[in-house]
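Take a look at the structure below.
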Amino acid sequence: MKRLHWATSSALTLALVVAGLALNFTTSARAEILSDSAAKNKPVVGLVLKYKEGVLAEDFLGNQVALTPELKQGEDLGLGMYSANFEKQLDENAARKIAETLATDARIETIYLNHYLTSANFKSVNPILGNLKASSAPTGLKAIDAWQESQPANARVMISWNAPTNLNGGKLWGYRIWKFDHVANKFTVIVSNTFSTNRQLVITKNLVPGATVSFKVSAITRSSNLKYMAVSSPSVSSRVTATSPPQPPVLQSAGTITSAAPVVAWAIQDKVARGGLTVNYVATATASDSSSASCSSAGNSCVLSGLEATKEYTVQVTATNARGSAISAVVQQELDPMISLQWYLDSEYGVNATEAWKITKGSPSIVVAVVDTGITDHPDLDDNVVQGFDFISSSIQARDGNGRDADPSDPGDYQTNGQNSSWHGTHVAGIIAAESNSIGIVGIAPRVKIQPVRVLGPNGGTEADIAAGMNWAIGVKISGVITNATPAKVVNLSIGSSDFSTCYSDSPVQLAIDEAKRRDVTLVTAAGNDDQEATASFPGNCSGNITIGATGIQGDRSYFSNYSAYNYYYDVYIGVDISAPGGDDRAGIGAPAGGQIWSTLNDGTRSPGNPTYGKAEGTSMSSPIAAGVVALMYSIRPTLTDDQVWAILSKTAKPFAPTSECTDKLIETTLNNGTKVMTGLCGVGIIDAGAAVKAVQDLNK
Ligand SMILES: [Ca+2]
Ligand SMILES: [Ca+2]
Ligand SMILES: [Ca+2]
């Protein structure tokens, strides 16, 4: 739900919060106790305690403070939250009694029942304006490339300017720096106050080498009694292109040749790929006996000559500009043989994957966390898996003989009633990043990395374990747990529970999402498979994540997919942000994979057997397709913000089938601030990887 922040903070959440308030036992001196009213008939497994800032939540022996005798010590969840568990599950009243005892402890800020807890008050400080006339604008702004040989791949610019000529009685306090944002299409503040009268600044953050950027500067003054501040209008803007060595060219002719005078061609590089500079290319053909020939061009092809037709040559292209060189990768020519079953890649209502792959198949430095059942060994995945973690705290649920550990292998989530293990995490991981390697299938982003974070066992997962897994995935430090050396840029949660109708603003999972947004990590969630309003499916109904509905091969809502709720007050649909293929076996009779989603699996019925492939359908499948597309977007521009990711995904979405109810219920609403938003029963459309990645590439022009 969740990209409509103005709505979540008022109408929709208001109704939910009012219901929640009736349950609160909040007074100013006591910790707040929160519980989901929809879950009041469910057993409570423990509490989540959020300690007040500055409190040491563990004593010097490592014992968690403030626990009562009924509570067993739990674990650090990150962000100041700790779990604490009951010996056995309790009902709401019994759990609340224990929570009330704890609520008088001055060290605790919030207590969450039902596996939940927390509270965080974010107070923004508004500077006092007025009673002081702003200075004149700074003049003479100059932005120059400040490339450094010691860090050749990093974009670096320096801006300098003249002080305002008229301070209008104020005292110069610092400067405000603005940068043009191509998605918002306006200048946005990147440094609120330099707190310095220095008139130059080196900028290294959120710059793309080769991309042109514009800056403006305002002067900040304050009154002599320091009570008031004023910000001048911005200076005239200045543009600069940060430079770097070029990116490796992508060969478009064969990487191996046997003719005497072949044409070698490579993809045209845009300005960013050229490192912002003029580039010259040299193609070289080398035989196994080291004989070679080369040709050069400033364009995108050249003709080799002097080769011997009887020899086999390997061809590579080197791009060189004033900052350095880069050489093309060895060409991958095989196709993964099961690609014909993967209709969700390129059929009419697929995601246009091949168009995206012309630009990128993903960068190995982009990590997608799969917060799920863990992972199994698979030759189509193994090379793309980075260190994950197992956050299932109950050793009984975990089935690996212990609680938390560094091995996220999936031992099987079979049910004692005879239901086989699902290998859900393995299927989800393959959809995102199965390798492009001439076997099996290919993932949406086959060169990015998967980080398996195990939180789901045979009974699902607790919110505490899920929140801890999310926090670790995005790089939050958690005591007793190895540091995440490769924090994720995208987190996929193919989880949907209609047992919880509310995502409280201070629930552990919501706080993890808030932290992810602060770190510009994109959280992608499933809308749920209950064929009901998605606003009742947790954690898709939290705020700030992107919630994905499912469509079938015919471009209509999958029969099981949750859908958006219509909000009369705001005239918008809320719940599903956008859709992606999730399969629909009823609409896919006779289609490849029966209209379902084909991915990596395991053939074990209980514990892991052999790697295999198979089909599945659900918003659990549409969510990782979206996560893969987002990973491709970050791959060519890691400095994208999460809000830019959503702006691009929503602008580039492709239409549903003309006859679909999803098309009928698309509406455009003008918000109070004049901006227009499109919402609909199934979100704004079907994700289009080709158009989204192209739009990111266009930002680089
Ligand atoms: Ca374990
Ligand atoms: Ca384990
Ligand atoms: Ca493959």
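Both ligands and their constituent atoms are indexed starting at 1 by order of listing. Model, not experiment: these values are computed from the prediction.
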Check: What orientation do Trp472 and Phe389 show, parallel under 30°, tilted 30 to 60°, or perpendicular over 60°?
Finding: tilted
Margin query: Within the supplied structure, the quantity of interest is the number of heavy atoms (other residues, nucleotides, ligands) at a distance under 6.0 Å from Ile268 CD1; does it exceed 12?
Written below: no
Note to self: Could you check whether Arg399 makes a cation-pi contact with Tyr414, meaning its NZ or CZ is under 6.0 Å from the centre of the six-membered ring and within 45° of the ring axis?
What the structure shows: yes
Check: Does Glu355 come within less than 4.0 Å of Lys694, counting only side-chain N to carboxylate O?
Finding: no
Please examine the side chains of [Y] and [X], heavy atoms only from C-beta on, and report whether any two atoms are closer than 4.5 Å.
X      : Y      : result
Pro611 : Asp377 : no
Val453 : Gln451 : yes
Met470 : Val455 : no

Next item on the list: Kindly state each residue pair satisfying salt bridge (Lys or Arg N to Asp or Glu O under 4.0 Å) with at least one member in residues 597-625, sequence neighbours excluded.
Entry: none
Margin query: With a 3.5 Å distance limit and no angle check, can you tell me whether Asn610 reaches the backbone of Gly604 through a side-chain donor-acceptor pair?
Written below: no
Next item on the list: Give every protein N, O or S atom lying under 3.0 Å from the Ca ion (ligand 2), naming each by residue and atom.
Entry: Asp390 OD2, Asp400 OD2, Asp405 OD1, Asp405 OD2, Asp407 O
Next item on the list: Scan for ring pair (Phe, Tyr, Trp, His ring centres under 6.0 Å) pairs involving residues 588-613, sequence neighbours excluded, and state none if there are none.
Entry: His378-Tyr613
Check: Do you see an N/O/S atom of Arg404, backbone or side chain, under 3.0 Å from the Ca ion (ligand 1)?
Finding: no
Notebook entry, point to check: Which residues and atoms, counting only protein N, O or S, are under 3.0 Å from the Ca ion (ligand 3)?
Noted result: Asp336 OD2, Asp380 OD1, Asp380 OD2, Glu435 O, Asn437 OD1, Ile439 O, Ile441 O
